[in-house]
Every structure is written in structure tokens, then in C-alpha cells.
Peer 1: 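The structure's right below; bear with me while I get my questions together.
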2 protein chains.
Amino acid sequence: MTPRKIPQSNLYLREEELRRGIELLYFAYRDFTRDPDEILAKSRFGRAHHRVLYFVGRSPGITVSGLLSILRITKQSLSRVLGELVEQSYIRQETGTEDRRQRLLYLTDKGEAFERQLFASQRDRVARAYKVAGPEAVAGFWEVLLNIVDDDERDSVLKHIEK
Amino acid sequence: MTPRKIPQSNLYLREEELRRGIELLYFAYRDFTRDPDEILAKSRFGRAHHRVLYFVGRSPGITVSGLLSILRITKQSLSRVLGELVEQSYIRQETGTEDRRQRLLYLTDKGEAFERQLFASQRDRVARAYKVAGPEAVAGFWEVLLNIVDDDERDSVLKHIEK
DNA sequence: CATATATGTCAACAACACTGACATATGCCG
DNA sequence: CGGCATATGTCAGTGTTGTTGACATATATG
């Protein structure tokens, strides 16, 4: 009951709550990626291809460097994955109109169909979670995740999700 | 204004909301893993070692198969990582008392110190996010994540986080 | 024209996952 | 006790995804 004990107890509680968030993030992400992974395993693509299809589908006409700053990988890594998707006609490239150095990326019909299939596998899981938890929980879910993102990335994430 | 248009509009809204969750999960996870990755890069360990240290620290005396079902990787994959941690005295193994086939895993003092350093790097990020978002948002964050987890895994996750 | 930027490419390498096959120690059941 | 199951360990080969470093080409910009 000394004053010193109170902050210590709060710190302990705090750590438990923080670990709970860390673990839930880990477990949810672990299961959340399994749905598309199973579909991808049947093709010769992997998770990296999925991410490219996802973000090109989400931002048609995105440039290579735009994609790089979302994915935060090197251009050499992206190049391999993107090259395979282009070569197999899931993605097409157009030379930029304003800046002809840029390559603007778009999903082809084939790519769009595949992306929708991959999305569908995650959609059901997330939709169920939203439904069970309810709209207020969902708002909290978004709010906390947004604040976990790097401070200097938050604006760019907001631009993405508020489209 | 025909009845047909209403469900279509709802579906569209729904998809936007689902994609928002998917993207926030992606971006938050991307940044959330960067803190420990930077520390790990200075050692000769990687993200896989971190996960093992984390869950052994969280459940002292966990068995190898217990760890395998949390990590959902093969024993061959775990073996390499765990072997390195044991060999460098971050983790020690004890033969199970009830079942002598089991190897019970514990962090050494060295392992505990390293785990706390890794945890600290994520703690600040999550603590700030909790603080900015507020307690109700945090409850929603937990609730949605828990429901994103596989149905048949939810009990085991609950057992974990409610310790 | 000179420099910067956007993109592409080659090569070597590392982390982390997988499959398949086999080995050892221990528990448990009839 | 003998036989089968389980917990763990190990060897070998492979694939995906990331890295660094070096260099090339086309285009923009001052």
C-alpha cells in the first residue's frame, strides 16, 4: 500500500496488455496469410506476388517506385516478382504519359480475376471477425493499427485506405 | 433507387471496409516487425529466433511440440533455429519430469535479457498506439484480432493471452 | 550539355521455410 | 516383456524471398 507499489503494479498490468496485443497481432497475421498462401501454393507464385497483385489492383497506374515504397523491399527483389507477373500476363506496364521514365502498372483481366480470388479467401475471414466483434470494435481495430504504423508513414497509409 | 441497388451499394462499402482492415494489418505488421529486426540484424539471429525467444519467455517450460504448434512450422525448421539458441546459451533444455521424452525449454539469463531488449523495441510502439487510440479502441483491436484467428485455434490463443 | 532520377539487370549470398527419409529414446498397452 | 506410438533429433536437397554491390539505359531538368 506504499505509493511506490502502485506504479509498479500498473507497469506489470501494462506489460501484460502490450504482450496481448503483440501476440494477437502475431496469431491473427499467421492465420490471415494462410488463406491466400494455400491458393498461391497451387500456382508458381508466392506471398510476394500476392502483395504486388494486391497493391497494383488497389492503385491502378502505380509506378514501380510507388510500389517499392509500399512494399519496402529492394528494386532487385521486386524486379524478379514483377517480371514474372508481367511475363505471365497478370500485370501490364505502360510508359508514363507525363514522365516517360515511369512504368505505370495495371492488372490485366487475368490478373484481376486472380486478385479477386485471393481477396475472397481473406474477405470471408475478416468479414466474420467484423460481424462478431461489431462496428465499434472494428473502429478501434482500425484506430490502433493505424497508430502502430510508423509516424512518418501514417499519412501515406491514410491516403491508401481512404480511397 | 430500385431495391436492387441497395445491396450492391452495401457490398461495395463492405469491400472497402474489408480492404481497409487487410491493408492496415499489412502496414502495421510491416512496421511492427521492423523494430526487433533492426536489433536482430546486429546479431546473427533473425525473425525466427525472435519468435522462439518470445514464446519460450512467455511460456517457460514449453515443450518442442508446444512451440511447433504455436509457430506452425516444421520441426526441421525449428530445429535449426532452436539449436543455435541453445548452442549459444540463450535457451536451455531440461528433460521432462513426467514424460522424459519431452524437452522443456527455458530462457537463460542471457536469453531473458535479449528477449527484454527485443520486447522493449515493440513495447514503445504499441504503448503509444494504445495511448493515442484509448482503452475502448484497444478492446476493439483485441476483439477483432481474436476473431481473425482460426476458429479452432481461438481457445489456444485465449489460453496464451490470458495468462 | 551535365547531372539527377526511374527503371532494369547480373551475380552472389543469407534467412527461413519446405519435403522426405531415417534414428533414438521413452511411454503405454496388451 | 514385446510391440507400437509418440517426442525429439538429424541429414540432405530445394524453393521463395529478401539482401548487397555493381553497372546500364532512358528520360527529365536546370
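Numbers restart at 1 for each chain; the letters A, B, ... are given by sequence-line order, proteins then strands.
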Peer 1: How close or far is atom P of dG9(D) from atom CG of Leu82(B), stated in whole angstroms?
Peer 2: 7 Å

Peer 1: From CD of Gln76(A) over to P of dT7(C), roughly how many Å is that when rounded to an integer?
Peer 2: 14 Å

Peer 1: Does a side-chain N or O from Ser65(B) land closer than 4.0 Å to OP1 or OP2 of dT8(D), or not?
Peer 2: yes

Peer 1: For Arg34(A), does the CZ atom sit with more than 12 other heavy atoms under 6.0 Å from it, leaving out its own atoms?
Peer 2: yes

Peer 1: Return the value, rounded to whole Å, for the distance between atom CZ of Arg101(A) and atom C1' of dA6(C).
Peer 2: 6 Å

Peer 1: What I want to find out is whether Asp150(A) reaches Arg30(B) closely enough, with some N-O distance under 4.0 Å, to be called a salt bridge.
Peer 2: no

Peer 1: Rounded to the Å, how far apart are Arg44(A) CZ and dC18(C) C1'?
Peer 2: 19 Å

Peer 1: Counting only side-chain nitrogens and oxygens, does Arg100(B) get under 4.0 Å of the OP1 or OP2 atom of dT26(C)?
Peer 2: yes

Peer 1: What I want to check is whether an N or O donor and acceptor connect the side chain of Arg103(B) with the base of dT8(D) at under 3.5 Å.
Peer 2: no

Peer 1: Are Gln102(A) and dT5(C) close enough that a side-chain N or O sits under 4.0 Å from OP1 or OP2?
Peer 2: no

Peer 1: Kindly compute the distance separating CZ (Arg128(A)) from CG (Asn147(B)), expressed to the nearest 0.5 Å.
Peer 2: 9.5 Å

Peer 1: Strictly below 4.0 Å: does Thr74(A) bring a side-chain N or O up to OP1 or OP2 of dT19(D)?
Peer 2: yes

Peer 1: Tell whether Arg80(A) reaches the base of dG18(D) with its side chain through a donor-acceptor pair below 3.5 angstrom.
Peer 2: yes

Peer 1: With a 4.0 Å cut-off on heavy atoms, is Glu98(A) in touch with a base, just the backbone sugar-phosphate, or nothing at all?
Peer 2: sugar-phosphate

Peer 1: Over how many whole Å does the gap from His50(B) atom NE2 to dA17(C) atom P extend?
Peer 2: 14 Å

Peer 1: For the side chain of Ala48(A), starting at C-beta, report the closest nucleotide among dT17(D), dG20(C), dA6(C).
Peer 2: dT17(D)

Peer 1: Surrounding CG of Asp152(B) (heavy atoms of other residues, nucleotides or ligands, distance under 6.0 Å), is the total greater than 12?
Peer 2: yes

Peer 1: Check the distance between dC16(C)'s P and Ile73(A)'s CD1 and give it to me in whole angstrom.
Peer 2: 17 Å

Peer 1: What nucleotide, of dT17(D), dT8(D), dT9(C), holds the atom closest to the side chain of Lys75(B)?
Peer 2: dT8(D)

Peer 1: So does His49(B) get a side-chain nitrogen or oxygen closer than 4.0 Å to the phosphate oxygens (OP1/OP2) of dA15(C)?
Peer 2: no

Peer 1: How many whole angstroms separate atom CD1 of Ile62(A) from atom P of dT7(C)?
Peer 2: 10 Å

Peer 1: Output yes when Glu15(A) and Arg19(A) qualify as a salt bridge under the 4.0 Å nitrogen-oxygen rule, no when they do not.
Peer 2: yes

Peer 1: Please compare Arg72(A) and Gln93(B) by the position of their nearest nucleotide in DNA chain D and report the one closer to 5'.
Peer 2: Gln93(B)

Peer 1: Identify which nucleotide among dT27(D), dT8(D), dC11(D) has an atom closest to any side-chain atom of Asp99(A), counting heavy atoms from C-beta outward.
Peer 2: dT27(D)

Peer 1: Would you please confirm or rule out a distance under 4.0 Å between OP1 or OP2 of dT19(D) and any side-chain N or O of Ser77(A)?
Peer 2: yes

